[in-house]
Amino acid sequence: MADDLKQTALHDLHVDLGAKMVPFAGYAMPVQYPMGVLKEHLHTRAAAGLFDVGHMGQCFIAAEDGTFETAAQALETLVPAAIADMEPGQQRYTQLLNDEGGILDDLMVSRIDMAGHDHMLYLVVNAGCKTSDFAHLEAHLPDGVSLSIKDDMLSLVALQGPMAVEIISRLNPDITKLVFMTHGEFELQLEDGPLYAHISRSGYTGEDGVEISAKHDDMKRLVGHLLSQDGVEPIGLGARDSLRLEAGLCLYGNDIDTTTSPIEAGLIWSVQKHRRTGEGYKGAARIAQDLAVKTRRLVGLKPEGRAPARAHTEIQDMNGKSIGEVTSGGFGPSVGGPVAMGYVDIPHNKAGTTVNLMIRGKANPAKIVKLPFVPNNYFRGE
Amino acid sequence: MLKFSKDHEWIRVEGDTATVGISDYAQKQLGDVVFVELPQVGDEIDANGEIAVVESVKAASEVYAPVAGEVTAINGALEGAPETVNAAPMGEGWFIKMSISDASDLDALMDEAAYKDYCEGL
């Protein structure tokens, strides 16, 4: 493996656990552990999977005047989500857009919920985009609003699955009070001393679970503890991809990129109503245009046979006309068969439509289906 | 006679027909096999020509014929149970049976000991 690959703080642990390490977004990352992708996937849906996502970018945005409004308004010029109305502890999914409304990256934004710090925004961005994201933010945030990059200080892991919250809340019972897309700062009581972590009830597997940010050395202690708990197994990038695909979640670089808009990608739910007017942020006109003139949409595709359709597989209608392309596809272990997502021209996007996926030159029938392929298990409160 | 190719196919020769599959090393590298696309009985194949595609959870990989010949049988059981390739790559997980058009093709292949050395060097 290339020597110039970066390593996360948990690198040595992955190697000790027998992970197969691969280059990913400039990092050496575990693609699978000895359990294998299939079992890792099913384990996450049944118990709790621990993912090292320390390669992703973490940063804070804050205004010199110390107000939330200034920082929020600055970020609102770059993303289609409403930020200014976020409450402390609230988290939102959004996208950085270019001038044409194409997606530069997708990200999670949280308003910090801690006395004296609730004017700050915490962002998690994709590993492969983080350098350009940070440059984009630096270039476009106004004077008086600053970006603070924390990759050299903070690790990030995701604990996902139906047992995840029960397991992490043994270290602080208050964590059970979080609902989906909220977060907080927590002191976790480990046997060898407490540690502080920023925990959000979110993830990218379709399961209930948390993402945990902590200082590198604290994270090593925490991960050592979590892996000693019954029900927790380390999970690699292979299963992370099949889990998010079954959950109908977009992968940047596959399903969304600078040529796609959030509307085409089915992410309209992440653009609050008052942000759909065509003004107020970079690329806003494209949002309004794609809402008015429907050209193509990202859809779920369920092949009728067993052959998986991979990214870039051509989609044809039943007359042999090309109507789109698969953007993510593979085998869904929980579905027990192949699943895919891709763009099709409207009006071929209706659920129930039969299309052909051209796998190795042969037509394989598939049905257009509603996403996700497996029901999401997010905890939205009692 | 059992021989192996550098692409990790095995071929077991009994008389003038042979059975072909992928090695234990190959199935471990591929991970969980979820689909195997096989050729049709009667297909003429060249040495090193593609005979199958193995799909793991993550990716598709081609399988090549170690020698030239004609496909005389395919392992239809793999359609319903592709995981057999992981469980028994050298047995129940075979891919095709074929006739051999030129037995001298076999000379270019490795015996089991040479293949073991080859894998250890990878």
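If you're wondering where the values come from, they're calculated on a predicted model, not measured in any experiment. So that the names make sense, note that chain A is the first sequence line, chain B the second, and so on, each numbered from 1.
With a 6.0 Å radius and a threshold of 12 heavy atoms from other residues, nucleotides or ligands, A/Asp230 has its CG atom at or below the threshold. When the shell of 6.0 Å around NZ of A/Lys39 is examined, it contains 12 or fewer heavy atoms from other residues, nucleotides or ligands. For B/Glu92, the CD atom counts as loosely surrounded, since its 6.0 Å shell holds 12 or fewer non-hydrogen atoms of other residues, nucleotides or ligands.
Ionic pairing of B/Glu55 and A/Arg310 is present here: one or more N-O contacts between side-chain nitrogen and carboxylate oxygen are shorter than 4.0 angstrom.
Checked options B/Glu50, B/Glu37, B/Glu62; the residue passing with A/Arg360 is B/Glu37 (criterion: salt bridge (Lys or Arg N to Asp or Glu O under 4.0 Å)).
When A/Gly329, A/Gly330, A/Pro308, A/Gly238 are compared by the number of non-hydrogen pairs under 4.5 Å with chain B, A/Pro308 comes out ahead.
Expressed to the nearest 0.5 Å, how far CZ of A/Arg306 lies from CG of B/Leu78 amounts to 10.5 Å. With rounding to the nearest 0.5 Å, the separation of CG in B/Asp32 from CE in A/Met35 is 11.0 Å.
Heavy-atom distances place the side chain of B/Val53, and not its backbone, under 4.5 Å from chain A. Heavy-atom distances place the backbone of B/Ala59, and not its side chain, under 4.5 Å from chain A.
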